[in-house]
Amino acid sequence: MSGNDVLIRVEGLQKWFKGGEIKALDGIDCEIRRGEVVVVIGPSGSGKSTFLRCLNLLEHPTGGTITFDGVDITDPRVDINRHRQKMGMVFQHFNLFPHMTILENMTLAPMKLLKKSREEAEQKAMALLERVGLADRSGAYPSQLSGGQKQRIAIVRALCMDPEVMLFDEPTSALDPEMVGEVLEVMKELAREGMTMAVVTHEMGFAREVGTRVLFMDEGKLLEQGTPAALFGSPQNPRLKDFLGKVLQ
Amino acid sequence: MGWFTQLQANLAGWFADLKAEFVLNFIEEDRWRFLVTGLGNTLRITFFAVLLGIALGVVVAIVRASYDKTIQEMRPGPGRFLLKLGNFVCKIYLTVIRGTPVVVQLMIMYYIIFATSRNSLMVAVLAFGINSGAYVAEIFRSGIMSIDPGQFEAGRSLGFNYVQTMRYIIIPQAFKNVLPALANEFIVLLKETSVAGYVTIRDLTMGGDIIRSGTYSAFMPLIAVALIYLTLVIFFTWLVGKLERRLRSSER
């Protein structure tokens, strides 16, 4: 882990909806270094999902800049599609492609975008499926899988593109409680292997155990950040104290 | 027993009449040929008009859906201007085509726009195809709009551009969803071509009409024409049902 190698730098990030009536993000500054697992917590409506979705420009920021791998991706002249290939994203509702098998879900982007051969793409996909224990489901369609299985597939689908960073947008929020563990386990393993991760979640246990840094957001602002030990052990901001008091009972 | 022999005689007379009618309308002078060539023309017009209609409809639907989905987010520039212009043109097309009867469109095509062309079959294909395209466009647009936005975001997050996301992810799903409505539009089109006679095309309906005006007998030719249309519609409905089941089976 190279400690000071900044992968994503966010400066003065703003996102307004309805012409400024709603300020979902109100000036966010932060950095994500290679190998870090940054966990974003905060009450619902605090802007944490919007923040994550701005990182790969699924939401276009109203103001501010995002520098990914040394390139300002908010510059309109930048080909965002090429940069998105290096930023894997996992959604709350999985968003697997229902008209394709698991294997097709995983090989589509590598074949079409990275111009890999079918053999090469399938080989990588099968190796990843093996790792998450779903190799036997490669020919199944998404509707035949449980929620936990779908989310594990969504994670490895993103990994097929060899991303430099993985963005997780509440990956366990739509799961039945008994399936949360299997998804978190895959994420933990990914973190152990040194993948750079930005995770929006309500799983405080995950934040504490796996996060190298935790960000607390509320009302579109980044109010406090620090190591899990510092943030959970001695919170400074009164709103963070209030939030932790509610979620950690 | 009197009423029974009476009935028998009546029935026998009725069947004899029917047979005579049949022979007169279809066998004599090989009049059945009018129906066969008519059917051929009806199928030809329908087939090519459907192809044209789907091609036009898909393009118009993509322009309209892209406009609805992205115009708010789009940065000012030539792309935005083109999309606005495209959407405007598509809207005019939809309004005019859906706001006027297909017979009138057909006659405008034949007697005004292509007044110098005597290829009435080609004119009919154009007229019906352009007409059908407007309905297909709205069917397809609703299909595109019905796909969960998360599918689109998943495609974009993998690095696909807008067009690739549409092509690999959105359109295949939208097509599957709108297949029943598309099939219905196809069946409507098949029946709508029955007005092709207005521009001197000998389609199935016109074939029946030619027989009727030759034999001064309406029953046989009209019922025959109706039965042929009905058989076609039942056949195509069955075919589409089969296709639909095949497409659906991939999701189970």
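Chain identifiers are assigned alphabetically (A, B, ...) following the order of the sequence lines, protein sequences preceding nucleic acid strands; residue numbering begins at 1 within each chain.
- Using a 4.5 Å cut-off between heavy atoms, L96(A) contacts chain B through its backbone alone, with no side-chain atom that close.
- If you measure heavy-atom distances from M161(A) to chain B, the contacts under 4.5 Å come from the side chain alone.
- The environment of CZ in F17(A) is crowded: more than 12 heavy-atom neighbours from other residues, nucleotides or ligands sit within 6.0 Å.
- For the atom pair N56(A) CG and R156(B) CZ, the distance stands at 10.0 Å (nearest 0.5 Å).
- Other residues, nucleotides and ligands contribute over 12 non-hydrogen atoms within 6.0 Å of the CZ atom of R80(B).
- Side-chain contact between F91(A) and S157(B) is present, with heavy atoms from C-beta onward closer than 4.5 Å.
- Looking at Q164(B) and K112(A), their side chains never come closer than 4.5 Å, going by heavy atoms from C-beta outward.
- Counting heavy-atom neighbours within 6.0 Å of K188(A) NZ, excluding the residue itself, gives a total above 12.
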inquiry  = With side chain to side chain contact (heavy atoms under 4.5 Å, CB included) as the criterion, how do I169(B) and L108(A) come out once you've worked through the C-alpha distance, each side chain's angles and the decisive distance to 0.1 Å?
reply    = CA-CA 10 Å; I169(B) 295 155; L108(A) 180 72; 4.2 Å; yes

Audit row: R53(A), E153(B), side chain to side chain contact (heavy atoms under 4.5 Å, CB included) steps and yes/no = CA-CA 10 Å; R53(A) 290 160 55 81; E153(B) 290 183 347; 2.7 Å; yes

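- Taking both residues in full, the closest heavy atoms of G159(B) and Q85(A) are given as CA-CG, 3.9 Å, listed atom of the first, atom of the second, then distance.
- E189(A) CD: more than 12 foreign heavy atoms inside a 6.0 Å radius.
- L158(B) and A158(A) get closest at one heavy-atom pair: CD2-CA, 4.4 Å.
- Contacts of H93(A) with chain B are absent, with no heavy-atom separation under 4.5 Å from either backbone or side chain.
- The minimum heavy-atom distance linking A154(B) with F97(A) is given by the pair CB-CE2, 3.8 Å.
- Using a 4.5 Å cut-off between heavy atoms, D148(B) touches chain A through its side chain atoms alone.
- The number of heavy atoms from other shown groups lying within 6.0 Å of CZ (F236(B)) is above 12.
- Within 6.0 Å of the CZ atom in R98(B), the count of heavy atoms belonging to other residues, nucleotides or ligands exceeds 12.
- Q151(B) is listed as a side-chain neighbour of P98(A), based on a closest heavy-atom distance under 4.5 Å.
- Separation of atoms CG (N177(B)) and NE2 (H99(A)) is listed at 11.0 Å; rounding is to 0.5 Å.
- Taking 4.5 Å as the limit, every side-chain heavy atom of F160(B) sits out of range of all side-chain heavy atoms of N81(A).
- To the nearest 0.5 angstrom, M111(A) atom CE is 9.5 Å from Y168(B) atom OH.
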